[in-house]
Amino acid sequence: MTTQSKSKFAVLLLALGAYSGLLGAGCDDDDSKRLPDANFDAAGGSQDAAPADAPLNGGLDANTTGADARVDAAVAFGDAGEGSADAAFIEPNVDAGAGCQLVSTQHTSAAQAGLPGAGLALWLRADQGVYKDQNNGVCAWVDHGGAGHALLSAANQRPVFVAGAGNVLPSIQFTGGGKSLSIAGVLGIAPQSGRTYIAVQKLVNTTSRLQAIIQGQSGTPGTYVSIDSNPFQTVGSREGVYVTNNAYDSDVATSTELRVHAFVVNPMVIGSAILPATSYRINGTVATLTRTPGGLGNTNFENFSGANFTAVGVGQSGSDYSLREILIYDHALSAQEIAQVEAALFARYGIGR
């Protein structure tokens with residue numbers, strides 16, 4: 001690792017370490033008591049207290065950037081003409097930290113995997129592009145979408161790589177709080193643009209709050225968009241979502257079965273109603289969303305221009321779950337495209353309808 005690389009990686013670890021420093025901080029629902037300048041939201045550090053309004057984000061400070069937070073696109077994807085989701089993925093080259101090595105895998109393009117390639121801003125697979133340490137701690141999870149992103153985790157915040165066996169593919173296990181993988185920025189997605197989040201997730205603990213995918217503005221009470229199991233002030237054991245200070249329960253109870261979550265958000269026009277512009281599906285079935293009692297929002301989209309991080313696998317101290325695959329598109333996928341993604345994931349993971 002070069003001296004410059006070490007310096008940049010150290011900055012990233014310091015930002016991630018800020019989250020662990022908040023774990024003991026007391027948090028409640030009084031937004032005036034939050035830590036506005038922290039790299040991570042105070043609510044994210046609330047381990048055993050009731051979930052506060054802000055999602056449990058592991059967001060990086062917007063200034064925490066650098067070459068070590070991305071794959072070297074020239075190495076990973078060939079020349080500029082090959083930097084698309086349909087290009088064959090080449091062995092990634094990531095400075096993931098001392099002692100971290102790439103798990104040997106066979107890489108696949110989006111087209112080969114049966115996925116829409118256009119607008120694929122992030123594509124993570126537990127069986128491809130994972131860097132781990134000698135204890136199977138995940139140091140980095142590399143994007144297959146063509147943009148060259150890599151989500152990183154500090155040494156004391158690493159989830160665990162679980163190797164597959166037989167017909168079961170590998171997974172990334174998140175146990176307890178503070179185990180997220182993060183990258184600064186929102187993957188080049190315009191602030192109020194539509195977006196689509198897709199997560200293949202399996203819960204062990206069905207009662208703890210967790211966010212498989214989250215983008216937002218660190219240090220704010222609720223400037224976030226996420227897939228959110230047991231969201232803020234949930235009625236209890238419900239899958240849900242979170243959109244700019246508004247938390248929503250679905251009519252689907254949490255479960256320990258392997259599930260495909262698909263959350264589609266159309267362009268977020270500030271001041272317009274959230275629900276008519278969103279769709280949330282679980283294993284191919286549309287879920288009905290109901291806003292929970294709490295939150296600072298008023299059921300409308302708010303300004304998302306300050307969003308400065310993307311993270312996966314964020315949870316409370318009691319969280320216990322695994323992620324198999326993550327996709328983020330930079331626009332709202334059509335119903336046909338969502339069906340295409342779901343069909344590919346159902347087949348890959350043996351999920352029955």
Are [X] and [Y] packed together at the side-chain level, in the sense that at least one heavy-atom pair is separated by less than 4.5 angstrom?
X      : Y      : answer
Leu115 : Trp123 : yes
Tyr329 : Glu337 : no
Leu122 : Leu327 : no

Between [X] and [Y] (side chain of the first, backbone of the second, donor and acceptor by atom type, cut-off under 3.5 Å), is there such a pair?
X      : Y      : answer
Gln192 : Phe304 : yes
Asn308 : Ser218 : yes
Thr278 : Val265 : no
Asn266 : Ala277 : yes
Ser272 : Val269 : yes
Arg281 : Gly284 : yes
Ser208 : Asn205 : no
Tyr224 : Gln217 : yes
Lys132 : Leu102 : no
Trp141 : Arg125 : yes

Name of the residue among Asp249, Thr254, Thr292 meeting side chain to side chain donor-acceptor pair (under 3.5 Å) with Thr234: Asp249
Can you name the one residue among Asp251, Leu289, Ile282 that meets side chain to side chain contact (heavy atoms under 4.5 Å, CB included) with Glu239? Ile282
Approximate separation, where rounding is to 0.5 Å, of [X] [atom1] and [Y] [atom2]:
X      : Y      : atom1 : atom2 : answer
Leu124 : Ile328 : CG    : CD1   : 7.5 Å
Ser226 : Ile213 : OG    : CD1   : 9.5 Å
Leu258 : Ser322 : CG    : OG    : 7.0 Å
Arg195 : Leu187 : CZ    : CG    : 9.0 Å
Leu210 : Ser319 : CG    : OG    : 5.0 Å
Asp143 : Ile183 : CG    : CD1   : 8.0 Å

Under a plain distance cut-off of 3.5 Å, with no hydrogens placed, do Tyr349 and Glu325 share a side-chain donor-acceptor pair? yes
Looking only at the side chains, is there a donor atom on one of Thr108 and Gln128 sitting less than 3.5 Å from an acceptor on the other? yes
Just do the side-chain contact (heavy atoms from CB on, under 4.5 Å) check on Ile227 and Ile198 with the steps written out, would you? CA-CA 9 Å; Ile227 293 177; Ile198 298 166; over 6 Å; no
Looking only at non-hydrogen atoms, find the nearest pair between [X] and [Y] and report the distance.
X      : Y      : value
Ile189 : Gly194 : CG2-O, 4.2 Å
Pro116 : Val341 : CD-CG2, 3.4 Å
Arg324 : Pro170 : CD-O, 3.5 Å
Asn300 : Thr244 : O-OG1, 3.8 Å
Tyr131 : Cys100 : CD2-O, 4.1 Å
Ala332 : Thr196 : CA-OG1, 3.4 Å

Could you name each residue pair satisfying ring pair (Phe, Tyr, Trp, His ring centres under 6.0 Å) that touches residues 172-200, not counting sequence neighbours? Phe174-Tyr321
For side-chain contact (heavy atoms from CB on, under 4.5 Å), just list the numbers for Asn245 and Phe301, CA-CA rounded to whole Å, side-chain angles, deciding distance to a tenth of an Å, and then say yes or no. CA-CA 9 Å; Asn245 280 307; Phe301 287 113; over 6 Å; no
Any chance you could lay out the salt bridge (charged side-chain N to carboxylate O under 4.0 Å, His left out) test for Arg209 and Asp228, step after step, and finish with the verdict? CA-CA 7 Å; Arg209 189 180 183 190; Asp228 195 343; 2.9 Å; yes
Count I, L, V, M, F, W, Y as connected when their side-chain heavy atoms are under 4.5 Å apart, and connections chain through other members. Are Leu333 and Phe346 then in the same cluster? yes
Who passes side chain to side chain contact (heavy atoms under 4.5 Å, CB included) against Ala190, sequence neighbours left out? Ser193
Inspect the contact between Arg158 and Asp133 and indicate whether a charged nitrogen and a carboxylate oxygen are less than 4.0 angstrom apart. yes
side-chain contact (heavy atoms from CB on, under 4.5 Å) evaluation trace for Leu345 with Ile351: CA-CA 8 Å; Leu345 296 177; Ile351 298 173; 5.8 Å; no
Counterpart residues, side chain to side chain donor-acceptor pair (under 3.5 Å), relative to Arg291 (two or more places apart): Asn246
Go through Ile172 and Phe161 one step at a time and tell me if the side-chain contact (heavy atoms from CB on, under 4.5 Å) criterion holds. CA-CA 5 Å; Ile172 309 299; Phe161 174 79; 4.0 Å; yes
Taking CD in Glu257 as the centre, count heavy atoms belonging to other residues, nucleotides or ligands within less than 6.0 Å. Is the count above 12? yes
Can you check side chain to side chain donor-acceptor pair (under 3.5 Å) on Gln173 and Asp320, steps first, answer last? CA-CA 7 Å; Gln173 188 74 31; Asp320 193 353; 2.7 Å; yes
